[in-house]
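Below is one structure; the comments refer to it alone.
As a basis for the values below, the full set of heavy atoms in this structure was taken, side chains included, without hydrogen atoms, waters or symmetry mates.
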Amino acid sequence: MLDRLFRCAAPCGALLVLVRAAHASPPDPATPTAPVPAAAPVPDPAAVPDPRPVVGHPLPFVGAPVAPTAATPPAPPVDPPPDPPDPDADADPDPGEVIEVESRAPTEQELLLSQATSAADVHIAAAPWRAVPRPGAADFLTLAGVFLTRTAGSGDPEQIFLRGFDAREGQDLEVSLEGLPLNDVANPHGHGLVDLHFLMPEVIRSLRVEEGPFRAGQGDFAVAGSASYTLGMDEPGLQARWTTGSFGTRRGFVGWRAERDPGTFVAAAIGDTAGFGANRAAQSGGAIARIGGGAAPERDGTSWRLLAGAWSSAFASAGLVRADDIAAGRIDRFGTSDDHQGGSSARAFVLGGVGYQDGDHAWAGEVFGQLRSFDYRANYTGFLLDDRRAGESPHDQRGDLLDQGYADAMLGARAEASTLFVRGPVHGKWLAGAYARLDNAHGDARRLRDLDAAAYRTELDADTTQVDTAGYLATETHALRDRLTVHAGVRLESLLYQVDDHCAHKDAWFPGATEDDVNCADRDRYGTVLRTNRRTAAGLGIAPRLSILYQLLDWRDRGSVSATAAIGRGLRSLEAASLSQDERAPLGKITSAEVGVVARRAGLWGYAQVRGAGFYTGVDNDLVFDESAGHNVFAGETTRWGGTALGVIETHGLATTASATYTYAVFGNGIPPTYQYANSDRVPGKRMPYVPPLVTRLDATYHWQPLAALTLRHGLGVTYVSPRPLPQSQESDAVFTLDASTTARYGGAELGLSVENLLDRSYNLAEYNYSSWFPAVSGTDFPTRVPARQVSPGAPRTILVTVTLFLDELLPHRDPKEVP
């Protein structure tokens, strides 16, 4: 078994160039004759020099796909000059005229799609899809079939659903920014949490989503797959943007981009909103800069890049509300049961990389560092859990509000080297890589009193050091005249966990004890103990990966049809706080396999691509949300079967992409007994809760230029998600939303209008089913253990107006020759 990083053998073609020389009169020595142009070769997307790093690869100058040889069509022969016309023949009315049909160069989206390696490897250029309303960076993930929800306000990190995984805020999706890992380690709210609010949509140039763990470079958290962002701005010069609209939303953005390099820019943004209901206000601000230089990708020479930024936000959260309270009119649909909920998030980061290529050999390395903080206050169950424990004096319910805090300092490095090889009819590339990441994190979780939000109980107080090191070896091999491409590799992962638990004895009361209200005790029945206990654990993982592509049909410059197959082992680190001393902590193991097909076609009408795949995934110890703990807990073995399809069409100003994913996810054997006891309906063969069986998405944009200086762009986004299974054999409602926008640009000024939830549908982004008790809302004196529907409503119709000024066009630079 080995790794997958392959690319289709036949590149995507663009339009043919048709050239005809008109009949000409005999040449006059005094009049120069117009040259007769030769037939231009077909522009090959895989061969066009790309000024960007190889999209989605953490090290841009090492992982470039190997260019096929035999599959690349030769350029058409040059037409010979026409014979001199017969002097007796009628002369052409316009001697020497050349009639040319202009060639259409491959779009950036076509170039990216030509780099895709399989049916589950999706490359997306951001520019064609900006017309569709996308308030945040995470919203670009929907172009790859990802479904996003939020259980709080606009500042809450998105909950991610991909390929049948409820990844919460990122535990099952490895996310990186040009090689900078973005998954939090040992975050109490979720191990692997990803908060993408710091990333401004205006500076996202492209996105790569790889479903499944099939490439050796994919590391920790690559369970459902990986997502990697590449940065850059669309237009050079200075621009300023202001957005205002519904619910007091305001946002300002300024950015500058270098003239010739989309990846050299600086940008900043600030914004705030009152939110669409009670306790949903949020504000944020941040800045990010990137600079690079040197040789272009796949060209010999040295290149470098530097990326840095900082960002912070504070937000209130409405949390979940009982559906029966809404139906009875006891609370507004957009109200809140606990106005203490909310949080904050911040990060500062820097990344530097250098690469070198010399003929058949290339290497690259990068170092990165980050400071990160996160705080989240949520009350899922109201006043249900604060029972009197042994050793506690009598008390009334103080509330279940949980405050989870996190701070982390991260350092890391990555390096890769590759070399090309040719052996008879077989050629390809060897690649070796190494990765290291060290995190020093502090996490705590405390229960807060409803009266004044004072902390009354410690659930977690721990310092965690986690060291993740990995090495991998892979090959990309082409054979059978490049009709067969094989990607194979293996990844070796090692993790060291060290936990200093500062509340090692949470409930240390014993018969005869003289103290009550014991929490984080310093005595037990045997005598005095320290409140802090240190635990060390380690784990190893081996992940072989293999993927194969075989070209079934080859339309040469017009496209191809290829069959794909892949199998691989994914790895996921464990939550350090759950480990015991000297535990051999093997990484979570994920076995995934798929078969699929990729078809590409270019013609006079435009460009199209269709992808389809069937997949299987088995997880040895999966995670499912638990309302009492406030985060995901281990739930035993799970399996998933399903299929995914994605299509892209670009033609005559219209760009459309549509995706659909169906998944059947069930529990397997090996469910922990305690988990089965607390959740009696979660037994082998039962469908997993919260996983949507069907997720569909449609994006369409259209641009029209009625005047030379006027450009109109329109966008439409449609999402449908089928009902999701809930605990106790319940089912959620379906989700259907429609978003639209239109922009008009005249010269250096642009006016935009976007409408989210255009039909103003009433729907729930998140739905759960469990017991809760909010007496101030329900008016009841006693709690009930009967499960009830808990919902987080989606936003009503939201209208935003945006004004953008491209200052270099409004105030152009003077020609140096005109300067006195």
For the residue pair [Y] / [X], report whether a side-chain donor-acceptor contact shorter than 3.5 Å exists.
{"X": "Arg523", "Y": "Thr528", "value": "yes"}
{"X": "Ser317", "Y": "Gln341", "value": "no"}
{"X": "Arg372", "Y": "Ser345", "value": "yes"}
{"X": "His191", "Y": "Asp184", "value": "no"}
{"X": "His197", "Y": "Ser313", "value": "no"}
{"X": "Thr381", "Y": "Glu627", "value": "no"}
{"X": "Thr644", "Y": "Thr661", "value": "yes"}

Any donor-acceptor N/O pair, [X] side chain to [Y] backbone, under 3.5 Å:
{"X": "His442", "Y": "Thr464", "value": "no"}
{"X": "Asp139", "Y": "Gly136", "value": "yes"}
{"X": "Thr475", "Y": "Lys429", "value": "yes"}
{"X": "Asp620", "Y": "Lys589", "value": "yes"}
{"X": "Asp444", "Y": "Asp461", "value": "no"}
{"X": "Glu174", "Y": "Phe221", "value": "no"}

Decide yes or no on side-chain contact (heavy atoms from CB on, under 4.5 Å) for Val354 and Ser303, but give the supporting numbers first. CA-CA 6 Å; Val354 61; Ser303 56; over 6 Å; no
Minimum-distance pair of heavy atoms, taken over all atoms of [X] and [Y]:
{"X": "Ser226", "Y": "Leu173", "result": "N-CD1, 3.7 Å"}
{"X": "Val691", "Y": "Ala665", "result": "CG1-CB, 4.2 Å"}
{"X": "Asp166", "Y": "Gln171", "result": "O-NE2, 3.6 Å"}
{"X": "Asn187", "Y": "His189", "result": "OD1-N, 3.0 Å"}
{"X": "Val185", "Y": "Tyr406", "result": "O-OH, 2.7 Å"}
{"X": "Leu411", "Y": "Gly369", "result": "CD2-CA, 4.1 Å"}

Hey, does [Y] have a side-chain heavy atom less than 4.5 Å from the side chain of [X]?
{"X": "Asp386", "Y": "Asp400", "answer": "yes"}
{"X": "Thr639", "Y": "Val666", "answer": "yes"}
{"X": "Ser373", "Y": "Arg347", "answer": "no"}
{"X": "Ser573", "Y": "Tyr497", "answer": "yes"}
{"X": "Arg163", "Y": "Arg640", "answer": "no"}
{"X": "Leu148", "Y": "Val146", "answer": "yes"}
{"X": "Leu231", "Y": "Arg205", "answer": "no"}
{"X": "Arg447", "Y": "Leu385", "answer": "yes"}

Interatomic spacing from [atom1] in [X] to [atom2] in [Y] - rounded to 0.5 Å:
{"X": "Leu460", "Y": "Asp501", "atom1": "CG", "atom2": "CG", "result": "7.0 Å"}
{"X": "Tyr770", "Y": "Tyr380", "atom1": "OH", "atom2": "OH", "result": "7.5 Å"}
{"X": "Thr536", "Y": "Leu496", "atom1": "OG1", "atom2": "CG", "result": "7.0 Å"}
{"X": "Glu169", "Y": "Leu196", "atom1": "CD", "atom2": "CG", "result": "11.5 Å"}
{"X": "Leu177", "Y": "Thr230", "atom1": "CG", "atom2": "OG1", "result": "8.0 Å"}

With sequence neighbours left out, write down each residue that passes side-chain hydrogen bond (donor to acceptor under 3.5 Å, both in side chains) with Arg724, or none if nothing qualifies. none
Partner set under side-chain hydrogen bond (donor to acceptor under 3.5 Å, both in side chains) for Tyr768, not counting sequence neighbours: Gln159, Arg168
Go through it in stages, so that I can follow the logic: the residues are Met200 and Ile288, the test is side-chain contact (heavy atoms from CB on, under 4.5 Å), and I'd like the CA-CA distance, side-chain angles, deciding distance and then a yes or no. CA-CA 9 Å; Met200 307 159 206; Ile288 189 168; 3.8 Å; yes
Short N-O contact, Arg534 and Asp500, less than 4.0 angstrom: yes
Does the side-chain contact (heavy atoms from CB on, under 4.5 Å) test come out yes or no for Leu143 and Ile124, once each step is laid out? CA-CA 8 Å; Leu143 290 163; Ile124 300 163; 3.5 Å; yes
Fit a plane to each ring of Trp363 and Tyr356, take the angle between them on a 0 to 90° scale, and name the class: parallel (under 30°), tilted (30 to 60°) or perpendicular (over 60°). tilted
Any residue meeting ring-ring contact (aromatic ring centres under 6.0 Å, His included) with [X], in chain and number order, not counting sequence neighbours:
{"X": "Phe161", "answer": "Phe147"}
{"X": "Phe349", "answer": "Phe198"}
{"X": "Phe615", "answer": "none"}

Salt bridge (charged side-chain N to carboxylate O under 4.0 Å, His left out) between Lys506 and Glu459: does it pass, once the steps are laid out? CA-CA 8 Å; Lys506 294 180 177 59; Glu459 302 283 356; over 6 Å; no
In this structure, which one of Val175, Asp121, Leu141 forms a side chain to side chain contact (heavy atoms under 4.5 Å, CB included) with Val209? Leu141
With Glu493, which of Asp468, Leu540, Ile542, Thr469 fulfils side chain to side chain contact (heavy atoms under 4.5 Å, CB included)? Asp468
Where do Thr465 and Gln498 land on the side chain to side chain donor-acceptor pair (under 3.5 Å) test, with the steps shown first? CA-CA 5 Å; Thr465 298; Gln498 180 176 295; 4.9 Å; no
Tyr690/Phe165 aromatic ring centres below 6.0 Å: no
Residue from Arg446, Arg449, Arg377 passing salt bridge (charged side-chain N to carboxylate O under 4.0 Å, His left out) with Asp403: Arg446
Could you walk me through whether His340 and Asn379 satisfy the side chain to side chain donor-acceptor pair (under 3.5 Å) test, starting with their C-alpha distance in whole Å, then the side-chain angles of each, then the deciding distance to 0.1 Å, before giving a yes or no? CA-CA 9 Å; His340 293 305; Asn379 190 346; over 6 Å; no
Taking only residues two or more places apart in sequence or in another chain, which ones pass side-chain contact (heavy atoms from CB on, under 4.5 Å) with Asn533? Ala504, Arg535
Test Leu351 against Glu366 for side-chain contact (heavy atoms from CB on, under 4.5 Å), laying out the working first. CA-CA 7 Å; Leu351 178 145; Glu366 64 190 14; 4.2 Å; yes
